[in-house]
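Remarks on the structure that follows.
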Amino acid sequence: MGMIERIEEISESAQEAVASADDLSSLEAVRVQFLGRKAELTGILRGIAELEADQRGKVGGLANEVRQQTEELISSRSAELEAAELELSLVADSIDVTLPGSPAAPVGHLHPVTRTRRMIEDVMVGLGYRVVEGPEVELDYYNFTALNHPPDHPARMLQDTFYIEPSPATTGGDRGPRDVLLRTHTSPMQVRAMEASPPPLFIIVPGKTYRRDSDATHSPMFHQVEGLAVGEGVTLADLKGTLLAMLREIFGPDREIRMRPHFFPFTEPSVEFDVSCFRCGGSGSLDGGDRCGLCKAIGWIELGGAGMVDPNVFSFVSDAGYDPDLVSGFAFGFGIERIAMLRHGIGDLRLMFDNDLRMLEQFS
Ligand code: FA5
């Protein structure tokens, strides 16, 4: 076979190979095969000089023409394949903007106790009170002694209180086995706050408290909010007005409150305070005449304890400027769970701490 025929054959196979390359990498293989350094056509072109003189022009001309043609074929095929690949990837990556968006990742929400605590804080900050917090691991001195609990007071008993073995490393070895405890109420912060700032003082203290209790309305860990107002001429009437304003914000503008005589070692006089029932409006019976189950037909719901700060308590903070002849004050304390249960109609306090999402998700 002559050179010319061979070049024509190469040309044909190159055309077929280019046409059948169906992606860019097989096209590159075709280019190497027909135009690369070791390709037959490259060899022919390289050997032109050695040909007979009458062959050189024809063979050289044809070989160059075929080479050029093949280059052009490859580059136009390459453009075609690139366009097709782009098209494919556009289709594969396309986003249907008409589809509904993915639902937002579920975010958590606040626990009913936290929501209720924040609501109480908002109301009290609105009345000019400062929110302060104190230690949950407390000294007997603040939890009991400085709050005028005599040494044999029943609240100090092991059955009521969680005592903590004091660690000599943190207490310097000078604390006995009954000196450190989990605070049983938020009242110890009354004394700590008065030690820290002179009167007038208006604070509320939300926080965790601990007692050896467990039933449908009592849990070993629960939350209280303490309130303390000390200044010149503060009276029991101020206490009643403050509680009324707070409870109307929480339970509605038609609520009334009442105070009943009670006893706490650190207030004198002491009261328990009730809010008029917001289900029956205080009448004890519902519209259809049924007995109101929320207040047990009493018309009032008990919320917490309060009273005028006992002068003996001031004597523990006289160095900080609390002179019972010059200042007076009131204090109150109540359970946050109790308020949350009433607001949301939750029947068992323990549900708050079971962490059952079926219950908690109802408050999102
Ligand atoms: C006190 O703790 C006083 N420190 C309140 C006080 C403050 C009086 C300032 C005077 C001046 P009491 O033990 O009654 O009082 O508790 C107050 C409220 O805490 C109760 O009305 C109740 O709502 C809540 N409470 C008490 N024990 C538990 C418990 N185990 N679980 C849930 N809530 C509780």
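For the single chain, residues carry numbers from 1 onward in sequence order. Atoms within a ligand are numbered from 1 in the order they appear, just like the ligands themselves.
Between H185 and ligand 1, at least one pair of N/O atoms sits closer than 3.5 Å.
Which parts of ligand 1 touch A306 is read off a 4.0 Å heavy-atom cut-off, strictly below it: atoms 8 (C), 10 (C), 11 (C). In summary, the atoms of ligand 1 found under 4.0 Å from a heavy atom of S187, numbered by their order in the structure, are 4 (N), 7 (C). Within ligand 1, counting atoms from 1 as listed, the ones closer than 4.0 Å to a heavy atom of A331 are 9 (C), 11 (C). When each atom of ligand 1 is checked for a heavy atom of G304 under 4.0 Å away, the hits are 21 (O). For ligand 1 and L349, the ligand atoms under 4.0 Å from any heavy atom of the residue are 32 (C). The contact set between ligand 1 and Q190, taken as ligand atoms under 4.0 Å from a residue heavy atom, comprises 9 (C). Heavy-atom proximity to T217, at under 4.0 Å, picks out these atoms of ligand 1: 31 (N), 32 (C).
Checking side-chain atoms of S318 against main-chain N and O of F314 turns up no donor-acceptor pair under 3.5 Å. A donor-acceptor pair is defined here as one N or O able to donate and one able to accept, closer than 3.5 Å; no such pair exists between the side chain of E268 and the backbone of D310. Judged by distance alone, with hydrogens and angles left aside, the side-chain atoms of Y163 form a donor-acceptor pair with the main-chain N or O of R156 at under 3.5 Å. A donor-acceptor pair under 3.5 Å is formed between the side chain of R338 and the backbone N or O of E302. Judged purely by atom type and a 3.5 angstrom limit, S219 uses its side chain to pair as donor or acceptor with the backbone of M221.
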Begin with the C-alpha distance, continue with both residues' side-chain angles, and end with the deciding distance and a verdict on side-chain contact (heavy atoms from CB on, under 4.5 Å) for I44 and I10. CA-CA 11 Å; I44 292 172; I10 291 174; 4.0 Å; yes
Ring pair (Phe, Tyr, Trp, His ring centres under 6.0 Å), that's the test. Do F264 and H185 meet it? Break it down for me. CA-CA 12 Å; F264 293 102; H185 50 178; 8.8 Å; no
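Of the options F273, F264, F332, F330, the smallest heavy-atom separation from atom 15 (O) of ligand 1 is shown by F264. Of the candidates T209, D213, T186, V313, the one placing a heavy atom closest to atom 30 (N) of ligand 1 is D213. Across the listed options R338, Q224, H218, E302, Q224 owns the non-hydrogen atom lying nearest to atom 16 (O) of ligand 1. Counting heavy atoms only, F222 comes closest to atom 33 (N) of ligand 1 of the residues F222, Y210, F266, F263.
Closest to atom 18 (C) of ligand 1 among all protein heavy atoms lies G335 N, 3.7 Å. Closest to atom 31 (N) of ligand 1, if we only count protein heavy atoms, is S219 N, 2.9 Å. Among all protein heavy atoms, the one lying closest to atom 21 (O) of ligand 1 is L303 O, 3.5 Å. Closest to atom 2 (O) of ligand 1, if we only count protein heavy atoms, is R211 NH2, 2.8 Å.
Proximity of the aromatic rings of F251 and F278 is defined here by a centroid distance below 6.0 angstrom, and this criterion is met.
Ion pairing of R31 with E28 is present here, as a side-chain N (NZ or NE/NH1/NH2) and a carboxylate O approach within less than 4.0 Å.
Between E272 and ligand 1 there is no heavy-atom distance shorter than 4.0 Å. At least one heavy atom of E226 sits less than 4.0 Å from an atom of ligand 1. Ligand 1 lies out of reach of T184, whose nearest heavy atom is not under 4.0 Å from it.
Between P112 and H344, the shortest heavy-atom distance links the atoms CB-CD2, 4.2 Å. Considering every non-hydrogen atom in both P265 and N148, the closest pair reads O-ND2, 2.9 Å.
L243 CG to K240 NZ: the interatomic distance, rounded to the nearest 0.5 Å, is 10.0 Å.
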